Every structure is written in C-alpha cells, then in structure tokens.
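The block underneath contains the structure these notes are about, expressed in structure tokens.
Numbering of ligands and ligand atoms starts at 1, following listing order. The shown structure was predicted, so the numbers you read here are calculated from the model rather than taken from an experiment.
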Amino acid sequence: MTATITAADVIQMAQEFGADLAGIASAETLNAFPPDPRWPQTPGRMSPDAKSVIVLVLRVPVASFRTKEPEPYQMINMLINRRLDKIAWRVSEALEKKGYFGLVMNNNSSDWELKSGTYGHLSLRHLAVEAGLGTLGLGVNFMCAEYGPRVNLSVIVTDAELEPGEPMTEQLCVGEGCSRCLYACPTDAVLHFHIDKRQCSIKAQTTGFYGAADLFQKFIEADEGGRAGVLSSQGLLHYWQGLTRVWGCFGTCPRCTAVCPVGNDYHEFLAEPQKEIPETSPERIAKGKSYKEARKAGDEVPGLSDWNVRWVGPDGYTGKAAKAERKKFKAGQENTGAS
Ligand code: B12
C-alpha cells in the first residue's frame, strides 16, 4: 500500500534529517536531457520505474576555506559525503515506509560504462540544476544562492511521483567579468564554462584512481632498485591513506570554490580572507578577458552550446538573482537582530 507523499513532504523530511537544501528533479526530464547524450547518465538506467530524483545539498563549512593548508578541506569533504550518505539512507527508509523505493546513489563514484569510467552513474550537479537549486558556473561547479559552490550533493532515485522544482533561468555565476575561479586555479584548469579535467585532477585528486595506476606503472617498469624506491615513496603512503581513509581520492583542492563570490556565506565569512588571490597572473587575467570578449563578439562558446546552456542559465547573468538573494538575506538578518 502506498501513501500519498508530496515534494514538500520529502523536502521537509530531508531537511529534518540534516540536509541544508533539498529539491526534486523529474526522472523523465533527465531521461530526455542527459548532460552528455553520448554517455547518458539517466535515472532510467537505474530503474524503468524511476519517476523522481531527490537532490540533497550539504554546505562545506566556511572554516575549511580559512586555513593555509588544503588538508582540513579534504577532511571535511570526506565527512560531508559520508553524512550525505546517511541522510540519503534515512530518506530512503522513510520512503519505503510509505510504500516507495528510494535508491541511494553513490555520491562520488564513476561508472565504467560512461566515458571510460570518468562520469558518475548520474551527474549530481545537473540534477541539482534541474531541481531548481542553482546553476553551473564558469568552471562548471554547481552553485546556489545560499552557499555558492561550497556544497556537496547526493541523490535518491525514487518511484514516487513528486512535483519537480523550476530550474532557474538566470545564471548565478557572475561569469567572465569575475573569473576569480580562473585566477585562483593552481593548475589553470578553468575554461570557458568548461573544465580541463586532467589538469584539475592534479590538485583535486592527489591520489585517486590515476594516482594508484601511476604508482603501479612505476613499479612494473622499474628495475630492482627502482622498485625498492617505490616501496619507500610518498606515493605509496598516499595510496595507503587513500585506501584506508579515502585520503586524497577526491576534493583535495579548495581554490575555485574558496574564492567564488556567489553565496551569502561568502559575503558573511570569506570576503575579507579570500579577497586577494595570490595565484593571479597577467596570463590568467588575459585569459578571463579573452573569454569576455569572445562572448561579447558572439563567438561560439561550446560550453554554452544550446544543449549546455540549459544548466548554466539561458538568460545569462544580469545580477538580478544575486541582488534579490542579498536583499532576502539582509532582511532575514534584520529580523533575527543579527548585525
Ligand atoms: C568525475 C568527477 C570529478 C572529476 C571531473 C570533474 C567533472 N567536471 O566532471 C574531477 C576529479 C576533475 C573533479 C573535480 C572536482 N569535483 Co568532482 N565529481 C566527479 C563525479 C564523480 C562525476 C562527474 C560527472 O559525472 N560529470 C558528468 C559530466 C557530464 O559533467 P561535466 O563533465 O561537468 O560536463 C558538462 C561540461 O563540462 C560540458 N562538457 C563536457 N564535455 C565537454 C567537452 C567540450 C569540448 C565542452 C566545451 C564542454 C563539455 O558539458 C557538460 C554538460 O553541461 C561527481 C559526482 C557525480 N556523480 O556527479 C563529482 C562532483 C561533481 N565533484 C564535486 C566536487 C566537490 C569537485 C571539486 C570541487 C573537488 C575539489 N575542489 O577538489 C572539483 C571541482 C572541479 C570542477 N570545477 O569541475 C561535487 C560537486 C560540487 C559542486 N558544487 O559542483 C560532486 C557532485 C561530488 C559530490 N557528491 O558532491 N570531479
């Protein structure tokens, strides 16, 4: 026997279980608009009965962007993902009590069948956009008005038919005129509403799959002395820590998210400590300018193709959404007497 359940019930339940934000995307929409149609990340592949996808958002505490070392960011990333798993599990159990299924998806794995194992079973960022929670930015991070890109995501696929959120049409990302993520990226990976994933991985995934594969390759190719070297190398220590603590496997570079000025959390806690971007260089400033000019000139920007623009915000950046959010936030502060 299934009980009636609405989107509002599910969102409230997810927030009571600890999610900072939650939303609903329609499985049918995702089946029709997979982010990259060559490797379709569709709920239909999970279950033909999938009707909705519940998206959970947990913010990354601002403290992790106020240290000089990336270590605390990495640590909290692992904890956040585990907490997201638990919240998703509780939502799934609650759905089951009402007569629906809730498939908890792994929030940081990838599917061997999709683009040589580099895409997740579902693309959580695109789902968050479809749920109306935010838009994608210049470096394709998902960002929301509350916490900018400083959030992690998790999803539950369900057969419950829930009213989906309305995707935003205006992008939250300030875009080429800001380019702060581009200036701050230590490996120069931020492209024009696109990202060079290999470059990004150098810092964002210091161990991970490629780290392990590199280590094994070095070991296989080395002579006896070289193999002894691998056995006493930092690489092996990192590999061990990756296996035991997921250390370095994901989320090891906070820079693009730390400096993003979108989000009430940025204005409240990060504007001062993150104002200066030490990594900025004349080359990076020129790159940002060239992106701005390309857009102004109406050049083709593949990251903003007709297909992709759906998740970036088809109306572009006008500043209206950001201003409205700041106003709402300030009004909320005045009401609670906070200064
Ligand atoms: C693989 C992966 C990575 C890889 C590749 C990143 C990527 N963009 O796909 C690497 C290791 C580089 C990475 C890095 C990071 N990741 Co990651 N990652 C994933 C994972 C596991 C799968 C991503 C996926 O399936 N992408 C699917 C494809 C379709 O999306 P896409 O590549 O962005 O494609 C779009 C555009 O790039 C463009 N495009 C694609 N190909 C091409 C080709 C051309 C020529 C052009 C022009 C455009 C274009 O079109 C696509 C459609 O819009 C997800 C978890 C999940 N299941 O979603 C987490 C996830 C996306 N990562 C996350 C995080 C936190 C990060 C980091 C911030 C961690 C860090 N700082 O160390 C960085 C941010 C890097 C960045 N700006 O993208 C979060 C998202 C947080 C957020 N606010 O957006 C997720 C959702 C994990 C989670 N559970 O929270 N990640």
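- Annotation: the span from Y210 atom OH to D214 atom CG amounts to 10.0 Å, rounded to 0.5 Å.
- Counting heavy atoms only, Q205 comes closest to atom 11 (C) of ligand 1 of the residues Q205, R198, Q199.
- The protein heavy atom nearest to atom 58 (O) of ligand 1 is L124 N, 2.9 Å.
- Of the protein's heavy atoms, Y119 CE1, 3.6 Å lies nearest to atom 28 (C) of ligand 1.
- One option in V312, L304, N308 has a heavy atom closer to atom 51 (C) of ligand 1 than any other, and that option is N308.
- Side-chain atoms of N152 and N107 include no donor-acceptor pair closer than 3.5 Å.
- Ligand 1 places these atoms under 4.0 Å from at least one heavy atom of P35: 29 (C), 52 (C).
- Cation-pi geometry between R66 and F269 is not satisfied (NZ or CZ under 6.0 Å from the ring centre, within 45° of the ring normal).
- Among all protein heavy atoms, the one lying closest to atom 57 (N) of ligand 1 is L122 O, 2.9 Å.
- In this structure, the separation between CG on L138 and SG on C256 is 10.5 Å, given to the nearest 0.5 Å.
- Shown here, atom 21 (C) of ligand 1 is in close reach of the protein: a heavy atom of it lies under 4.0 Å off.
- Under the 4.0 Å distance rule, the nearest protein heavy atom to atom 67 (C) of ligand 1 falls outside the cut-off.
- In T118, the part holding a heavy atom less than 4.0 Å from any atom of ligand 1 is the backbone.
- Of the protein's heavy atoms, none falls inside 4.0 Å of atom 13 (C) of ligand 1.
- A salt bridge does not link K98 to D9: none of the charged nitrogens lies less than 4.0 Å from a carboxylate oxygen.
- Note that atom 74 (C) of ligand 1 has protein non-hydrogen atoms nearby, at separations under 4.0 angstrom.
- When the heavy-atom distances from atom 72 (O) of ligand 1 to T252, N152, D36 are ranked, the shortest goes to T252.
- Nearest protein neighbour of atom 70 (C) of ligand 1, counting heavy atoms only, is C253 O, 3.3 Å.
- Taking all atoms of both residues into account, the shortest heavy-atom contact from P40 to P37 is CD-O, 3.6 Å.
- Close contacts of ligand 1 with G120, meaning ligand atoms under 4.0 Å from a residue heavy atom, involve 22 (C), 24 (C), 25 (O), 57 (N).
- At a distance under 4.0 Å, a protein heavy atom can be found next to atom 39 (N) of ligand 1.
- When non-hydrogen atoms are compared, ligand 1 lies under 4.0 Å from the backbone of P302 as well as from its side chain.
- The protein heavy atom nearest to atom 69 (C) of ligand 1 is G251 CA, 3.5 Å.
- If you check the side chains of T318 and E170, you find a donor sitting under 3.5 Å from an acceptor.
- At most 12 non-hydrogen atoms from other residues, nucleotides or ligands lie less than 6.0 angstrom from CZ of R198.
- The distance from atom CD of E130 to atom OG of S123, rounded to the nearest 0.5 Å, is 10.5 Å.
- Atoms of ligand 1 found under 4.0 Å from any heavy atom of S201 (numbered from 1 in listed order, with element): 11 (C), 12 (C).
- Interface of C200 with ligand 1, defined as ligand atoms under 4.0 Å from a residue heavy atom, comprises 12 (C), 14 (C), 75 (C).
- When V151, V301, L153, N141 are checked for heavy-atom proximity to atom 81 (C) of ligand 1, V151 turns out nearest.
- Closest protein heavy atom to atom 82 (C) of ligand 1: F142 N, 3.6 Å.
- A cation-pi arrangement, defined by a distance under 6.0 Å to the six-membered ring centre and an angle within 45 degrees of its axis, is absent between R255 and Y183.
- Interface of G139 with ligand 1, defined as ligand atoms under 4.0 Å from a residue heavy atom, comprises 76 (C), 77 (N), 78 (O).
- From the protein, the heavy atom lying nearest to atom 33 (O) of ligand 1 is V140 CG2, 3.9 Å.
- Atom NZ of K115 has more than 12 neighbouring heavy atoms from other residues, nucleotides or ligands inside a 6.0 Å radius.
- Around CD of E71, the count of heavy atoms belonging to other residues, nucleotides or ligands within 6.0 Å exceeds 12.
- Here the protein heavy atom with the shortest distance to atom 59 (C) of ligand 1 is N108 OD1, 3.6 Å.
- Checked for salt-bridge contact, D265 and R150 meet the test: a charged N lies under 4.0 Å from a carboxylate O.
- For R227, the CZ atom sits in a packed shell: over 12 heavy atoms of surrounding residues, nucleotides or ligands are nearer than 6.0 Å.
- Note: no N/O pair closer than 3.5 Å links L136 and ligand 1 by distance alone.
- Once rounded to the nearest 0.5 Å, the distance linking CZ of R59 with OH of Y147 reads 6.0 Å.
- Atom CD of E163 has 12 or fewer neighbouring heavy atoms from other residues, nucleotides or ligands inside a 6.0 Å radius.
- Enclosure of atom CG in D306 is not indicated, since only 12 or fewer non-hydrogen atoms of other residues, nucleotides or ligands lie within 6.0 angstrom.
- Using a 4.0 Å threshold on non-hydrogen atoms, atom 4 (C) of ligand 1 does not count as touching the protein.
- Ligand 1 lies within reach of Y73, whose nearest heavy atom is under 4.0 Å from it.
- Among the atoms of I195, none of the N or O lies under 3.5 angstrom from an N or O of ligand 1.
- When the shell of 6.0 Å around CZ of R83 is examined, it contains 12 or fewer heavy atoms from other residues, nucleotides or ligands.
- At a 3.5 angstrom cut-off on N or O pairs, P149 counts as close to ligand 1.
- Ring centers of F216 and Y239: under 6.0 Å apart, within the cut-off.
- At a heavy-atom cutoff of 4.0 Å, ligand 1 is contacted by the side chain of W311 but not by its backbone.
- With distances taken over non-hydrogen atoms, the option nearest atom 37 (O) of ligand 1 out of H194, H126, Q41 is H194.
- Atoms of ligand 1 found under 4.0 Å from any heavy atom of K197 (numbered from 1 in listed order, with element): 5 (C), 7 (C), 8 (N), 9 (O), 12 (C), 31 (P), 32 (O).
- Protein non-hydrogen atoms do reach within 4.0 Å of atom 88 (C) of ligand 1.
- The six-membered or imidazole ring of F142 lies away from that of W311, with a centre-to-centre distance of 6.0 Å or more.
- Heavy-atom proximity to atom 78 (O) of ligand 1, evaluated over R125, E300, K203, is greatest for R125.
- With a 4.0 Å heavy-atom cut-off, ligand 1 is reached by the backbone of S109 but not by any atom from C-beta on.
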